[in-house]
Number of protein chains: 2
Amino acid sequence: MADIELDERKVKILNAIIKNYLETGEPVGSRTISKYTDLNLSSATIRNEMSDLEELGYIVQPHTSAGRIPSDKGYRFYVNNLIAAKDKEVSDMQEWMIEKTEKMESLLKNVAKMLATNTQYATLVSAPSVVSNKVKFVQLSAVDEHQVLSVVVMDGNIVKNKIIQVEKPLDNETMLKLNMLLNTNLNGLTVDQINLAVISRLKEQAGIHDEIISQVLDTVAETITEDDDLQVYTSGATNIFKYPELADSKKASELLTTFEEKQSLVELLTDNGKTDETGIQVYIGEETPIATMKDCSIVTATYELGDGVKGTIGIVGPKRMDYENVVNNIKSLKGQLDKILKDEDSKT
Amino acid sequence: MADIELDERKVKILNAIIKNYLETGEPVGSRTISKYTDLNLSSATIRNEMSDLEELGYIVQPHTSAGRIPSDKGYRFYVNNLIAAKDKEVSDMQEWMIEKTEKMESLLKNVAKMLATNTQYATLVSAPSVVSNKVKFVQLSAVDEHQVLSVVVMDGNIVKNKIIQVEKPLDNETMLKLNMLLNTNLNGLTVDQINLAVISRLKEQAGIHDEIISQVLDTVAETITEDDDLQVYTSGATNIFKYPELADSKKASELLTTFEEKQSLVELLTDNGKTDETGIQVYIGEETPIATMKDCSIVTATYELGDGVKGTIGIVGPKRMDYENVVNNIKSLKGQLDKILKDEDSKT
DNA sequence: ATTAGCACTCCTCATTAGTGAGTGCTAGCA
DNA sequence: TGCTAGCACTCACTAATGAGGAGTGCTAAT
């Protein structure tokens with residue numbers, strides 16, 4: 001791609017500038033590079049090269065007579081061409097942690113937390129979307145005379161429940177019949193297959209005349225289809241204070257509010273098909289779909305739990321984030337999630 | 001109490017200073033008071049009185065030749081003596097919202113959110129502690145050959161569940177027997193009554209020799225006793241950016257981290273018995289039990305769900321928070337929570 | 001007891017000058 | 001032709017200075 005316009009030396013210099021800037025966060029000057037790199041060149045030569053790089057749009061001067069910092073294009077080049085994809089295992093901690101947890105919810109919370117601790121950036125994890133998930137098991141039980149408990153187990157062992165208030169108790173026989181009915185009719189269906197038609201067919205079979213049964217069936221349907229209000233888990237949002245370029249009151253406030261509200265984060269996590277073959281996606285600066293994150297970079301990965309049921313992991317940090325570390329971390333984690341969730345699924 | 005050392009005029013002036021400071025956040029000078037109040041006094045007179053008030057510790061000068069701001073003692077006096085406890089109803093929105101939600105979790109989330117929107121401060125709500133909550137209903141069901149679902153309903157309709165992996169399927173009869181056994185033995189017990197002794201008695205009755213049954217019973221016990229990792233819901237944490245005295249990078253970072261980690265918030269929410277007859281507790285500045293909140297004030301209230309099962313609502317804001325509004329808000333909310341939770345409970 | 005007046009304090013803000021990091025350019029060198 | 005040394009220039013950052021103003025404390029007069 002950009003190989004035509006950049007000779008080897010320019011690439012080396014650009015790389016050096018970015019590496020240095022990632023560490024310090026300060027504009028980097030020609031003298032620094034002249035000493036930092038192994039190509040023995042004077043600062044003057046570097047200056048000429050830097051001038052070229054600036055003209056080509058890879059670096060930028062915050063003001064005349066300051067050093068240079070990478071532009072979005074520069075970062076992009078770095079991410080595309082310069083990251084050594086070392087597949088080294090990222091800490092055993094991860095595996096251990098994942099082994100231990102069994103509930104989806106706490107698993108994802110832990111994933112977010114661990115990733116935040118590991119990277120020192122803000123992280124977000126979305127739960128696998130349930131829309132195309134299948135019903136595995138349904139059960140109604142009489143808790144007491146006026147309350148019926150409806151429990152649904154989905155593929156991937158996601159358990160949902162709801163308590164139904166009923167006017168008068170359901171007798172045992174009806175209960176049994178309903179359970180049979182529900183399981184034979186709903187098992188194997190996905191959430192979006194359970195629509196009004198299915199429900200009314202159920203009601204017919206159960207004896208549509210009974211008001212209570214009708215109500216119960218409605219609630220079961222609700223239990224299943226109820227969207228668990230967009231499950232996004234975040235962690236380490238306050239890490240942004242570690243990066244001066246994001247820590248000023250105004251920016252931090254906006255960013256943290258975005259994180260707190262979670263709503264808009266969904267946009268980020270819904271797979272837009274632009275992920276590359278590794279399933280990992282990097283947004284730099286202006287590329288991000290969320291306005292309040294214009295000064296950030298975001299790395300996301302989608303993980304799968306079989307059958308196209310997908311969730312997403314994301315990391316948000318300053319543009320000068322340690323892309324190498326982050327990408328490796330997220331890649332390793334994605335792999336493990338893919339694995340564990342499929343395993344758990346196949347255990348059934 | 002302080003009635004001896006403060007004559008009526010001083011009280012009026014102190015009140016005026018605090019009111020004014022609550023609004024502006026700026027130190028308030030003698031001239032301002034001289035015009036603001038109805039007691040026609042010149043600024044010089046006010047100055048003398050303020051000098052006295054300062055000596056008595058109710059107000060403080062941030063630096064020589066600045067106006068005065070209330071000290072913690074001043075705020076305390078204000079809260080104790082000067083707040084008009086108008087019991088006016090706080091927005092119908094509240095009731096409406098509470099009616100609508102049925103799940104404890106989303107109910108509390110909404111409470112936190114609404115309170116944050118209403119007051120523009122940060123809020124936290126802890127779920128009712130489950131320790132002394134009673135088991136109402138237990139059920140095991142075979143999801144498939146290798147998985148058994150354990151569901152427990154507690155008083156207040158809190159539902160817990162867990163999936164148990166079993167080596168080989170349990171036959172219907174055993175299942176039925178176990179369910180009978182569990183319900184007759186556990187119903188009505190509180191969480192902390194369910195200890196090892198109870199469990200082993202259960203095992204004995206069920207036929208201790210069976211490894212699988214033993215495992216299943218252990219997991220049921222786990223399901224019940226498992227602490228739902230300290231359920232604290234927060235909202236509006238980013239509101240602190242609205243108050244310059246808290247918004248600087250360092251303080252905001254500390255505060256928000258405290259909120260994000262939630263762990264330490266528990267300290268705040270565990271009832272320490274110091275609440276007054278209304279169940280409402282106000283911490284001002286140094287009085288707060290959490291170090292990072294030394295520059296804040298906190299108002300908490302405990303709500304009950306019968307039988308001494310308690311949860312807490314809290315508001316965190318700057319010391320110059322609108323105590324009157326906050327106290328009223330929280331009082332009204334507490335009342336409604338008390339009511340609704342008891343109602344729901346008595347519906348059983 | 002209250003008030004007017006005045007000197008004083010000290011924060012705030014804008015201006016100024018000094019410093020240094022870093023650049024662009026030019027001329028000289030291999 | 002490519003590299004380098006040198007120099008003038010730019011501009012953010014810092015500290016010092018001073019004017020302005022809000023507010024106080026004290027004193028003397030009412």
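For clarity, every value in this text was computed on a predicted model and none was experimentally measured. We name chains A, B, ... by the order of the sequence lines, and we start the count at 1 in each one.
B/Lys319 has a carboxylate O that lies under 4.0 Å from a charged side-chain N of B/Asp72, or vice versa, which qualifies the two as a salt bridge. We find that B/Arg76 and B/Glu287 are joined by a salt bridge, their nearest charged nitrogen and carboxylate oxygen being less than 4.0 Å apart. Using a 4.0 Å cut-off between a side-chain N of Lys or Arg and a carboxylate O of Asp or Glu, B/Arg320 and B/Glu245 qualify as a salt bridge. B/Lys19 has no carboxylate O lying under 4.0 Å from a charged side-chain N of B/Glu23, or vice versa, which leaves the two without a salt bridge.
One atom, CG of A/Asn40, and another, C1' of D/dA5, lie 16 Å apart when rounded to the nearest Å. In this entry the distance linking NZ of A/Lys10 with C1' of D/dG2 reads 12 Å, nearest Å. Separating the CD atom of A/Glu26 from the C1' atom of C/dA21 is a distance of 11 Å, rounded to the nearest angstrom. One interatomic measurement links the two molecules: NE2 of A/His63 to C1' of C/dG22, which rounds to 8 Å at whole-angstrom precision. For the pair B/Arg9 CZ and C/dT2 C1', the computed distance is 8 Å after rounding to whole Å.
B/Met293 and B/Leu255 get closest at one heavy-atom pair: CG-CD2, 3.7 Å.
Side-chain contact check for B/Thr123 and B/Tyr233: no donor-acceptor pair (N or O, by modelled atom type) lies under 3.5 Å.
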Checklist outcome for this item: The contact string for nucleotides 14-30 of chain D, one letter per nucleotide 5' to 3', using protein heavy atoms under 4.0 Å with B, S and - for base, sugar-phosphate only and none, comes out as --------BBBBB----
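Of the listed residues (A/Lys331, A/Met321, A/Gln120), just one forms a side chain to side chain contact (heavy atoms under 4.5 Å, CB included) with A/Val326, and that residue is A/Met321.
Contacts of A/Asp52 classified as side-chain hydrogen bond (donor to acceptor under 3.5 Å, both in side chains), with partners at least two apart in sequence or in another chain: A/Lys10.
Residues of residues 11-22 of chain B that place a heavy atom closer than 4.0 Å to DNA chain D do not occur.
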